[in-house]
Amino acid sequence: MRYVIPPVSDTSRMTKRKSKTRLDISALNPETLLSPYDTAQFLDVCIRSLERYRQERLGPKFIRLSPHCIRYRVRDLQEFCASREVKCA
């Protein structure tokens, strides 16, 4: 007997983003540590993208508290966003 896996019609299950609202970090203390979920929400990327950024050393600075506990400092996220700013002539 063969089992056929039905196609996924709801693509929202495939991403790890839970909401489309963007996190506002302007009111937070610059030394506050954010989880990868909160960071992904702020940067408007999926959590898997953050993992790839860490592996390739492309994204914002992060803090590894333990092998499975990653945090991002608000100040580092603000610096990362500022460094990505493109100025038009």
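Keep in mind the model is a prediction, meaning the values are calculated, not measured.
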Which side-chain N or O atoms in residues 52-67 pair as donor and acceptor under 3.5 Å with protein atoms at least two apart or in another chain?
residue : atom : partner : partner atom : Å
R54     : NH1  : Y72     : OH           : 2.8
R57     : NH1  : R54     : O            : 3.4
S66     : OG   : C69     : N            : 3.4

So how far is it from L77 CG to L43 CG, rounded to the nearest 0.5 Å?
5.5 Å
If I take atom CG from residue L34 and atom CG from residue L28, how far apart are they, to the nearest 0.5 angstrom?
6.5 Å
Please tabulate, one pair per line, all N/O donor-acceptor pairs under 3.5 Å involving side-chain atoms of residues 80-89, not counting sequence neighbours.
residue : atom : partner : partner atom : Å
S83     : OG   : F80     : O            : 2.7

Compare all side-chain heavy atoms of L50 with those of I70 and state whether any distance is below 4.5 angstrom.
no
Compare all side-chain heavy atoms of P36 with those of R71 and state whether any distance is below 4.5 angstrom.
yes
Gap between atom CG of L33 and atom CG of D38 - 0.5 Å precision:
11.0 Å
Would you check if the side chain of S49 reaches a backbone N or O of V45 as a donor-acceptor pair within less than 3.5 Å?
no
Nearest non-hydrogen partners of C46 and A40, listed with the distance
C-CB, 4.1 Å
D76: what forms a salt bridge (charged side-chain N to carboxylate O under 4.0 Å, His left out) with it, not counting sequence neighbours?
R73
